[in-house]
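For reference, the structure is listed below as structure tokens.
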There are 2 protein chains.
Amino acid sequence: MRLSKKTEYALKALIYAARHPEGTTFQIKELAERNGIPKKFLELILLELKNAGIVQSRRGVGGGYLLARHPEAVRSSEIIEAIEGPVVPPKVPKGRERRLPREELSPAVFRLVRETSEAIEAALNRWTLADLAREEQEAAERGQRNPMYFI
Amino acid sequence: MRLSKKTEYALKALIYAARHPEGTTFQIKELAERNGIPKKFLELILLELKNAGIVQSRRGVGGGYLLARHPEAVRSSEIIEAIEGPVVPPKVPKGRERRLPREELSPAVFRLVRETSEAIEAALNRWTLADLAREEQEAAERGQRNPMYFI
DNA sequence: CAAATCCCTACTTATACAATCGGGTTTATC
DNA sequence: GATAAACCCGATTGTATAAGTAGGGATTTG
């Protein structure tokens, strides 16, 4: 499986968010600088995550973003689907409504694709954002260089 | 999950091959016409399947392609990986050796990707080419229009 | 040797994605 | 109520991949 940079950035941003003190905001600028993410690109990503109900925002001086829910309540499949579109076949990513490829697929292949997609979703559902953040923390503590978060 | 047209064609071609009398060859030209696949594109695909050891070829008059093994011995993961490259992360598709994205991925995300990839491979391994061909046949017999194979 | 068939390499075109830019609007503070 | 910090949004550009094209070369059989 291959994740787009956009999705990688979304995951990085949310792991960062999960490790931020609860209820406080973080700013795009700082997140972008610490993680080497282009600021404008990150704006776009956080907007999509907000529309998906994963983060919320506060505007104005001292504003920023924060998680909309507890990290335990955010499945990684949600994050990935918020950015890349649904994993399961019926709908085509990002609102494109052209003539469905399903009709063209032979029944056997369609079934293969559907079952595999369900396996992907199940695998992604086994991990929440809290799990990712915890594992990230542990890896950092084990001394593997991880120069990103909180200096 | 999304399959490229190339992979769809590969699967169609192999299902066709599996339903062909064992030990006899089929020709690109006929396969292409009956399945609506561009002939030149199909040549390319069959060549790759041959290099992957899934089909063999015979040249000259009366030549053609045939399966290199029994359909029960061909896992669908093999087919898909022959065309799209490995499913599991460590290697990058199609021999590209640029600086690995693994290093850039945070450990938690890398693990998520790896486990998901393994789930994909496991799902694909549950089906062999024989299963696909059988299901295709049954669907055709149930009257769902399937104008492709053997008229 | 002529015809049928696969074999190989390179080229072309269309689309998606990554990333950037430029300019807004809203809100909080002083 | 002016200013600054942050969010909001559309247009644009460069690159990679997908999908298909083109044309000739190599082999085998009648």
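In what follows, chains carry the letters A, B, and so on, assigned in the order in which the sequence lines appear, proteins first and then strands, with residues in each chain numbered from 1.
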Problem - Pair B/Glu30 + B/Lys39: basic N to acidic O under 4.0 Å - result: no
Practice task
For B/Leu46, report the nucleic acid contact type (base, sugar-phosphate, nothing); a contact means any heavy atom under 4.0 Å.
Solution key: nothing
Practice task
Using heavy atoms to find the nearest nucleotide of DNA chain C for B/Leu47 and A/Tyr9 separately, return the residue whose nucleotide is more 5′.
Solution key: B/Leu47
Problem - Whole angstrom value for the distance that separates P of D/dA16 from CZ of A/Arg2 - result: 12 Å
Handout entry: Rounded distance (Å) that lies between atom C1' of D/dG20 and atom CD1 of B/Ile37
Key = 13 Å
Handout entry: Test salt bridge (Lys or Arg N to Asp or Glu O under 4.0 Å) applied to B/Glu118 - qualifying residues, sequence neighbours left out
Key = B/Arg114
Practice task
Would you mind classifying the nucleic acid contact of B/Lys39 as base, sugar-phosphate or nothing, using non-hydrogen atoms under 4.0 angstrom?
Solution key: nothing
Handout entry: B/Ile45 and its side chain to side chain contact (heavy atoms under 4.5 Å, CB included) partner, picked from B/Lys50, B/Glu8, B/Lys12, B/Lys6
Key = B/Lys6
Handout entry: Atom-pair distance (CZ on A/Phe41; P on D/dT12), nearest Å
Key = 19 Å
Practice task
Please state how far atom CG in A/Leu3 lies from atom P in C/dA18, giving the value in whole angstrom units.
Solution key: 10 Å
Exercise for the section: Go along nucleotides 23-30 of chain D 5' to 3' and tag each nucleotide: B for a protein heavy atom under 4.0 Å from its base, S when only backbone or sugar atoms are that close, - otherwise. Expected result: BB-BBBB-
Completion exercise
Across all chains, not counting sequence neighbours, the side chain to side chain donor-acceptor pair (under 3.5 Å) partners of B/Ser4 are B/Thr7, B/Glu84
Problem - With sequence neighbours excluded, residues passing side-chain contact (heavy atoms from CB on, under 4.5 Å) with B/Lys40 - result: B/Glu43
Exercise for the section: Just jot down the side-chain contact (heavy atoms from CB on, under 4.5 Å) partners of B/Glu33, sequence neighbours excluded, or say none. Expected result: B/Lys29
Exercise for the section: Can you tell me the distance, in whole Å, between the CZ atom of A/Arg58 and the P atom of C/dT29? Expected result: 12 Å
Practice task
Please identify each residue that fulfils ring pair (Phe, Tyr, Trp, His ring centres under 6.0 Å) with B/Tyr9, with sequence neighbours left out.
Solution key: B/Phe41
Give every pair of a protein N or O atom and an N or O atom of nucleotides 10-14 of chain C that lie under 3.5 Å apart, one pair per line with the distance.
none

Exercise for the section: Using atom CG of A/Leu42 as one end and atom P of C/dT20 as the other, report the distance to the nearest whole Å. Expected result: 12 Å
Fill in the blank from the handout: A/Lys6 atom NZ is separated from C/dT20 atom P, nearest whole Å, by 14 Å
Problem - Short side-chain N/O contact from A/Ser57 to OP1 or OP2 of D/dA6, under 4.0 Å - result: no
Could you pull out all donor-acceptor pairs under 3.5 Å where a side-chain atom in residues 123-131 of chain A meets a protein atom, sequence neighbours excluded?
residue, atom, partner, partner atom, Å
A/Asn125, OD1, A/Arg75, NH1, 3.4
A/Asn125, OD1, A/Ser77, OG, 2.5
A/Asn125, ND2, A/Glu121, O, 3.4
A/Trp127, NE1, B/Glu115, OE1, 3.0
A/Thr128, OG1, A/Ala130, N, 3.2
A/Thr128, OG1, A/Asp131, N, 3.3
A/Thr128, OG1, A/Asp131, OD2, 3.2
A/Asp131, OD1, A/Arg134, NH1, 3.3
A/Asp131, OD2, A/Thr128, N, 2.9

Completion exercise
Whole-Å distance, A/Gln27 CD to C/dA28 C1', equals 13 Å
With a 3.5 Å cut-off and sequence neighbours excluded, list the donor-acceptor pairs that the side chains of residues 51-66 of chain A form with protein atoms.
residue, atom, partner, partner atom, Å
A/Asn51, ND2, A/Leu47, O, 3.4

Practice task
Please determine if a side-chain N or O atom of A/Lys50 lies less than 4.0 Å away from the OP1 or OP2 oxygen of D/dC8.
Solution key: yes
Problem - Side-chain N,O (A/Tyr65) to OP1/OP2 (D/dC8) below 4.0 Å - result: yes
